[in-house]
Amino acid sequence: EDQVTQSPEALRLQEGESSSLNCSYTVSGLRGLFWYRQDPGKGPEFLFTLYSAGEEKEKERLKATLTKKESFLHITAPKPEDSATYLCAVQAAQGGSEKLVFGKGTKLTVNP
Amino acid sequence: SQTIHQWPATLVQPVGSPLSLECTVEGTSNPNLYWYRQAAGRGLQLLFYSVGIGQISSEVPQNLSASRPQDRQFILSSKKLLLSDSGFYLCAWRWWGAGTNEKLFFGSGTQLSVL
């Protein structure tokens, strides 16, 4: 069964204090790994799609990386507006290709 | 540009009452559409998806059903709600993009409380 585990569950940072969020996955052939940002009471907002080990993508203070077993979301010099829950999801290459399996998320709080 | 509309934003329903949540997409044709549920302390769970009018695939057995009466309309329904149906319901559509830019766009969600 495809699984996604995100750690830590919650993370508190001071403004400017860089850190990384982890997404470990087990999937029968990876078609894609997705990162989303979700604010309270809102739908997830797309950040990145990664397809193969070694791939990296960047957007402002965020950088996502992918290995064969996990993905990291690096946050450089975060600001209070980066506070949100970050979700990771995987899509298997085999079987039902429509299904994304999501982790429970990491709740990030950035204090000024 | 493409947009996705979902309503209502919040809903409080008694146990045993019916449910109808609607989702519409603008700016695209023949989209793949999805219903996800997010329960407290759990990850998003895929409930239904549709690749075309009248085509519905169910991922999780439950007392919910979905329908797609028009190309860009997706409806989630229940004849009798259970307490366990409470949660945050999200509609989404898949954008294939160019190259490696595939993504799911989500609506703003409906917070359903069954009392």
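Naming convention: chains lettered A, B, ... in sequence-line order (proteins, then strands); numbering from 1 in each chain. Scope of the values below: all heavy atoms of this structure, side chains included, with no hydrogens, waters or symmetry mates.
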Where B:F88 and A:Q38 come nearest, the two heavy atoms and their spacing: CE2-NE2, 3.8 Å

Single-linkage hydrophobic cluster, 4.5 Å side-chain cutoff, A:L73 and A:F46 together: no

A:E15 atom CD, neighbour heavy-atom count above 12 within 6.0 Å: yes

Atom group of A:L50 that falls short of 4.5 Å from chain B, counting heavy atoms: neither

Shared hydrophobic cluster for A:L66 and A:F34 (ILVMFWY, side-chain gaps under 4.5 Å): no

Side chain proximity check, A:P44 to B:L44, heavy atoms < 4.5 angstrom: yes

Pairwise distance NZ(A:K99) to OH(B:Y49) - rounded to 0.5 angstrom: 10.0 Å

Chain B contact via A:Y36 - side chain, backbone, both or neither, heavy atoms under 4.5 Å: side chain

Contact class of B:L104 relative to chain A, heavy atoms under 4.5 angstrom: both

Cluster link A:L87 to A:L30, ILVMFWY, side chain under 4.5 Å: no

Interchain contact, B:Q6 with chain A, by part (heavy-atom threshold 4.5 Å): neither

Heavy-atom neighbours of B:R42 CZ exceed 12 at 6.0 Å: no

May I have the list of side-chain donor-acceptor pairs in residues 100-111 of chain A shorter than 3.5 Å, sequence neighbours left out?
| from | atom 1 | to | atom 2 | distance (Å) |
| --- | --- | --- | --- | --- |
| A:T106 | OG1 | A:P8 | O | 2.6 |

